[in-house]
Amino acid sequence: MKSYLKLNNEVLNQYSRTGKLDLAKDKEATRRYFLEHVNAKLRYFIDTEEKIRYLVDEGYYEKEFLQQYRPEFIEQLYEKAYAYEFRFPSFMSASKFYESYAMKSRDGEEILEKYEDRIVIIALYLAQGDESLAERAVEAMMSAYQPATPTALNSGKMARGELVSCFKLTMDDSMNSISQNIGYCLELSRLGGGVGVNVTDLRPLGDPIKGILNRASGVMPVAKLLENSFSYSNQLGQRNGSGVIYLNVFHADIENFISAKKPNADDKIRLATLSTGIIVPNIFFELMKRDKDIVLFSPYDIYKEYGKRMSEISMSEMYYELLDNPNIRKIKRINARKLYTEIKKAQFESGYPFEVFDDHVNEKHALRNLGRVKMSNLCTEILQVQETSVIHDYGTEHEYGMDVSCNLGSIDIHNATKAESFEQLIDTSMRLLTNVSTMTDIRNVPSITKANRLMHSVGLGVMNLHGHLTSQGLAYGSKESVLFIDAFMEALNYYSLLSSMQIAKERKQTFYGFPQSDYANGSYFDTYIAKTAESLPEEVAAALGNVPVITAEMWAELKEQVMTHGLFNAYRLAIAPTGSISYIRNSTASIAPCTEKVEIRDYADSRTIYPMPFLTNENISLYKEAYEIDQFRMVDLYAAAQRHIDQGISMTLYVTDQWTTEQLARLYIYAWMKGIKTVYYVRQRLQTIEECVSCSI
């Protein structure tokens with residue numbers, strides 16, 4: 001075993017016996033890692049000019065983006081980055097960067113970039129020739145802003161993937177649409193993307209085709225085709241593609257759909273690698289509360305009768321009308337509680353399906369006059385309006401709707417509270433994300449290209465909440481932690497709106513459909529303007545640091561500005577689960593509680609020990625793990641954050657093998673009552689669930 005791995009593993013040497021961590025071993029492991037590995041493989045250059053010339057001439061960097069800047073400015077930007085004297089705070093953060101993100105020679109023998117080099121190249125690439133923005137980008141990324149993995153990994157490289165790696169598609173009830181979407185999934189998976197597909201509008205098993213009864217094969221064969229497509233398009237054999245399909249709980253195929261992820265499911269319907277998610281309207285919970293049956297429908301009937309797809313209607317609004325309409329078949333009745341119990345059993349066994357609370361998503365949707373949010377993505381935080389494409393026969397031009405590319409980045413909460421200007425940090429982050437949206441063109445999927453061009457949607461999120469709370473002596477899930485995230489996310493919402501308004505003002509352009517939005521008529525801001533000022537507890541104010549508390553007066557002024565100048569971005573905020581990026585920044589993931597105080601990660605031939613950020617032998621009792629935290633209090637915290645987010649939050653629930661299906665159902669109902677929009681995995685202690693790679697930003 002290499003000496004740095006041995007040192008890192010010795011962090012836990014005395015823990016089982018004394019309860020004490022030898023954290024000095026991790027720091028020594030990091031130092032030894034650089035001496036023995038990084039410095040030994042690092043290619044050294046005389047100066048910045050030689051470095052840039054070599055990396056361009058050898059085909060590692062694109063040269064066009066560098067030609068937008070003066071050579072002396074590029075030199076100054078490198079000096080600025082190195083002046084931070086950045087040091088990796090843990091062995092995990094250093095090894096993760098140099099193993100997964102730093103540019104290497106084609107044979108893998110030389111390291112061509114240090115951390116500062118990658119930051120500078122990202123800044124230059126995303127700033128698109130704007131020297132001021134490039135400078136601010138370096139400041140933001142060296143302190144608190146982290147682009148998503150595809151952006152951080154691919155910016156500036158000659159041989160690169162896309163800057164985004166998460167997508168949403170809608171499938172129509174036609175063979176043309178099914179085949180086209182399978183092709184899209186193959187293409188997006190080849191690019192390294194994780195793909196969500198809405199299958200709610202497909203007719204169920206046994207439905208008529210061309211008037212002939214019992215001919216439709218239903219949703220599950222299409223799901224199997226999609227699963228095989230993701231497995232086939234495996235990025236040169238590196239890893240299988242990843243996808244999720246969503247189905248409305250009132251769809252006639254829902255029972256097979258729920259059973260598909262169970263380990264003992266019939267091979268005809270079993271989905272081994274494809275993730276599943278369900279759309280649950282309010283009416284389902286209301287019927288369940290009254291212990292009533294629900295009726296399952298066919299989207300084929302709904303479209304034939306109303307000219308609308310099942311995904312385009314509110315089931316809560318239409319349910320009783322569908323029951324009363326003799327032209328709508330009532331395919332099956334099933335007790336709502338019985339069905340939800342089966343859903344909870346499936347979640348215990350497999351972690352699936354994810355759940356999207358349809359009415360919470362669409363009723364609190366500032367763009368609801370433009371259309372419906374029909375589904376979510378592979379990590380359940382992206383909630384954007386989609387329009388179904390109509391794919392015609394060969395020779396007839398297709399009618400492309402709008403699908404979604406997820407453009408993500410995250411703010412390190414701990415460092416953000418220390419930022420000299422929180423407003424500038426958020427503005428810089430929003431501008432970098434906006435530039436990613438304008439630079440992204442997924443040509444082989446026209447519906448994604450169309451929406452990206454019209455909507456300029458981004459998803460700015462956060463990470464390191466648990467780490468920051470612990471550093472401030474605050475317990476995760478406490479009243480103080482809820483007040484903190486409420487104030488922090490309100491500030492993030494405010495300044496992201498302010499930035500989007502300023503971009504719209506500068507470019508004299510708003511997102512498509514802005515005049516029909518709640519931003520344009522001002523109603524979005526009314527609850528903020530009507531709020532009463534309340535002083536925060538001293539410890540919460542201290543934890544906020546330099547993050548301003550937003551007043552009703554500030555909201556009133558912003559309302560006038562937005563109504564006058566508009567917004568450039570249709571969507572701004574979404575909290576992804578975050579994965580390897582959290583390791584690089586030595587952060588806890590997302591706003592989730594840590595699952596282990598000291599994480600043990602086993603790789604092919606080694607083990608890495610990762611103590612949580614700010615963990616000491618003095619505060620170790622404060623750092624409660626997710627399975628020890630009251631899940632209802634965790635939901636309270638997520639609900640406080642969700643109030644300020646126009647999209648969603650990837651929220652995983654943590655249960656033990658002592659939980660019952662009734663307890664789990666009660667937790668989901670509580671989350672629904674608190675206004676949560678989506679629920680990601682159910683994770684059971686000791687059960688391993690493969691995380692989404694594409695959205696772990």
Side-chain angles (χ1 to χ4, degrees), residues 47-84 103 112-113 115-143 145-148 150-164 405 407-409 421 423-443 449 452-453 455-458 460 496 498-511 568-569:
D47 54 22
T48 302
E49 182 182 355
E50 185 200 27
K51 181 191 301 183
I52 295 293
R53 184 171 62 249
Y54 174 84
L55 293 171
V56 170
D57 290 348
E58 293 298 316
Y60 288 104
Y61 286 165
E62 295 178 6
K63 65 179 179 180
E64 289 77 13
F65 77 96
L66 293 165
Q67 292 173 337
Q68 299 175 90
Y69 302 94
R70 297 172 292 117
E72 55 270 28
F73 173 76
I74 295 176
E75 175 72 37
Q76 291 167 9
L77 205 61
Y78 272 93
E79 291 175 359
K80 184 182 186 71
Y82 277 93
Y84 280 85
M103 173 85 78
L112 304 178
E113 288 179 327
Y115 181 76
E116 294 89 345
D117 301 333
R118 181 94 298 258
I119 294 297
V120 170
I121 291 301
I122 297 169
L124 291 168
Y125 193 70
L126 298 187
Q128 298 181 292
D130 185 334
E131 292 186 358
S132 174
L133 180 58
E135 278 196 88
R136 289 198 290 147
V138 167
E139 292 169 4
M141 287 187 285
M142 291 302 293
S143 59
Y145 175 63
Q146 179 61 55
T151 307
L153 191 62
N154 293 314
S155 289
K157 294 181 179 179
M158 180 66 78
R160 69 171 181 87
E162 294 293 336
L163 301 178
V164 298
S405 57
N407 175 11
L408 304 168
S421 171
E423 176 180 351
Q424 179 171 299
L425 170 65
I426 304 309
D427 180 63
T428 302
S429 304
M430 285 293 296
R431 289 175 185 274
L432 294 176
L433 283 169
T434 297
N435 283 358
V436 170
S437 76
T438 59
M439 296 165 73
T440 298
D441 183 13
I442 312 297
R443 296 182 181 180
T449 296
N452 189 50
R453 184 182 71 250
M455 308 301 273
H456 323 126
S457 300
V458 303
L460 181 60
S496 68
L498 180 63
S499 177
S500 188
M501 179 276 297
Q502 290 169 338
I503 296 171
K505 183 179 179 181
E506 293 163 11
R507 302 191 185 193
K508 295 180 172 55
Q509 182 184 357
T510 63
F511 68 80
F568 190 74
N569 312 96

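Sequential numbering from 1 along the given sequence is applied to the chain's residues. All values reported here derive from a predicted model rather than from experimental measurement.
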Mind checking side chain to side chain donor-acceptor pair (under 3.5 Å) for [X] and listing every partner two or more places apart, or none if nothing turns up?
| X | result |
| --- | --- |
| Asn569 | Thr434, Ser500 |
| Arg136 | Asp427, Thr428 |
| Tyr61 | Glu113 |
| Glu50 | none |

With [X], which residues qualify under salt bridge (charged side-chain N to carboxylate O under 4.0 Å, His left out), at least two apart?
| X | answer |
| --- | --- |
| Arg453 | none |
| Glu506 | Arg431 |
| Asp441 | Arg443 |
| Glu139 | Lys80 |

Measure across [X] and [Y] and return the closest heavy-atom pair with its distance rounded to 0.1 Å.
| X | Y | value |
| --- | --- | --- |
| Leu425 | Ala140 | CD1-CB, 3.9 Å |
| Glu116 | Ala81 | CG-O, 3.8 Å |
| Thr438 | Asn435 | OG1-O, 2.9 Å |
| Tyr69 | Ala123 | OH-O, 4.3 Å |
| Ser405 | Val164 | CB-CG2, 4.2 Å |
| Gly59 | Met158 | O-CB, 3.1 Å |

| field | Check: Leu432 and Pro147 side chains under 4.5 Å, non-hydrogen atoms | value | no
| query | Heavy atoms, side chains only, cut-off 4.5 Å: are Tyr115 and Met142 in contact? | reply | yes
Nearest 0.5 Å, what's the [atom1]-[atom2] distance between [X] and [Y]?
| X | Y | atom1 | atom2 | answer |
| --- | --- | --- | --- | --- |
| Met455 | Thr510 | CE | OG1 | 10.0 Å |
| Ser457 | Leu433 | OG | CG | 11.5 Å |
| Leu153 | Ile122 | CG | CD1 | 9.0 Å |
| Ser155 | Leu126 | OG | CG | 4.0 Å |
| Tyr145 | Ile119 | OH | CD1 | 10.5 Å |
| Leu460 | Met430 | CG | CE | 7.0 Å |

| request: Would you confirm whether Asn154, through its side chain, and Glu162, through its main-chain N or O, come within 3.5 Å as a donor-acceptor pair? | output: yes
| field | Side chain Asn407, main chain Val436, donor-acceptor under 3.5 Å | value | no
| task | Applying ring-ring contact (aromatic ring centres under 6.0 Å, His included), name anything that partners Phe568, two or more places apart in sequence or on another chain. | result | His456
| request: Could you tell me which residues satisfy ring-ring contact (aromatic ring centres under 6.0 Å, His included) with Phe65, sequence neighbours excluded, listed by chain and number? | output: Tyr125
Could you list the donor-acceptor pairs under 3.5 angstrom formed by side chains in residues 71-78, with sequence neighbours left out?
unit_1: Glu72; atom_1: OE2; unit_2: Arg70; atom_2: NH1; d: 3.4
unit_1: Glu75; atom_1: OE1; unit_2: Thr48; atom_2: OG1; d: 3.3

| said: Under the salt bridge (charged side-chain N to carboxylate O under 4.0 Å, His left out) definition, can you give me all pairs with a residue in residues 55-64, not counting sequence neighbours? | reply: Glu62-Arg160
